[in-house]
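Working notes, beginning with the structure itself.
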Protein chains: 2
Amino acid sequence: MGDVFKALADPTRRTILDELVERDGQTLFEICSRLAMKHGLSSSRQAISQHLAVLEDAGLVRARREGRYKFHHIDTRPIRELLGRWTQPEEP
Amino acid sequence: MGDVFKALADPTRRTILDELVERDGQTLFEICSRLAMKHGLSSSRQAISQHLAVLEDAGLVRARREGRYKFHHIDTRPIRELLGRWTQPEEP
DNA sequence: TAGATAGGCAAGTGTAGGCTTGCCTGTTGT
DNA sequence: ACAACAGGCAAGCCTACACTTGCCTATCTA
């Protein structure tokens with residue numbers, strides 16, 4: 001499962017998740033261009049690719065290959081599981 | 001507010017939060033000895049002190065000084081606020 | 001008052017992680 | 001078939017960060 005918390009520690013990876021929530025199933029190049037456009041991030045393709053690998057390792061992103069395209073889908077279940085670790089007994 | 005995610009990225013800091021959930025309001029030396037006993041961590045006092053500073057910066061721990069003692073209290077509100085970021089629209 | 005206790009500050013070290021660079025493998029279109 | 005396209009691999013660089021070391025301040029107790 002890797003480390004979900006480490007994966008969430010980087011702001012660029014969090015922005016990638018934001019982007020996938022807004023539009024799921026994007027390719028690497030789509031994510032790159034949309035990060036540059038909307039979020040003003042000037043990260044290279046390789047950097048984003050490595051970030052996606054970390055997110056995939058953590059189980060936060062699942063990738064499905066189709067021809068030369070690879071579509072990335074967010075999976076928020078690991079986050080929901082982690083939520084309860086310190087906040088279980090309380091009821092705000 | 002610092003970076004809550006970065007604070008949660010380190011496993012030792014997460015164990016400290018676990019320890020504070022189980023018994024809130026511990027001093028630095030209490031945390032050190034209990035981490036060594038129960039969790040088998042052999043971190044130095046200074047290391048734990050620096051971890052507590054990070055947690056305090058992130059708003060996850062609030063410290064109250066009393067004489068020569070400093071009691072540490074966990075505050076899980078930042079966690080609850082952040083975890084809704086990607087899991088708001090869903091209902092499992 | 002002297003020593004023990006609880007904790008803080010600051011500089012130095014070593015490693016992990018984010019990013020780049022360069023090249024390589026498949027896939028698609030003309 | 002060949003060029004453009006989508007993505008991958010691996011080595012190197014550089015900064016952030018976890019941890020140590022050494023010394024310091026403040027509070028309590030004998």
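All chains are named by letter (A, B, ...) in the order of the sequence lines, taking the proteins before the strands, and each is independently numbered beginning at 1.
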Checking contacts here: which listed nucleotide ([options]) is nearest the side-chain heavy atoms of [X]?
X	options	result
Gln46(B)	dT20(C), dC9(C), dC17(D)	dC9(C)
Ala47(B)	dA6(D), dG8(C), dC19(D)	dC19(D)
Arg68(B)	dG8(D), dA6(C), dC19(C)	dA6(C)
Phe29(B)	dC19(D), dA6(C), dG7(D)	dA6(C)

What is the distance from [atom1] of [X] to [atom2] of [N], rounded to the nearest Å?
X	N	atom1	atom2	value
Arg45(A)	dA6(D)	CZ	C1'	8 Å
Ile31(B)	dG8(C)	CD1	P	11 Å
Glu56(B)	dC9(C)	CD	P	11 Å
Gln50(B)	dA10(C)	CD	P	12 Å

Any Ser44(A) side-chain N or O less than 4.0 Å from OP1/OP2 of dC19(C):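 Answer is no, no contact under 4.0 Å.
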Donor-acceptor under 3.5 Å (Arg13(A) side chain, Lys6(A) main chain):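 It does hold such a pair.
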Asp18(B) and Lys38(B) ion-paired at < 4.0 Å: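 Not counted as a salt bridge, because no side-chain N and carboxylate O are separated by less than 4.0 Å.
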Polar pair under 3.5 Å, donor/acceptor by atom type, side chain Arg65(A), base dG7(D):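 There is none.
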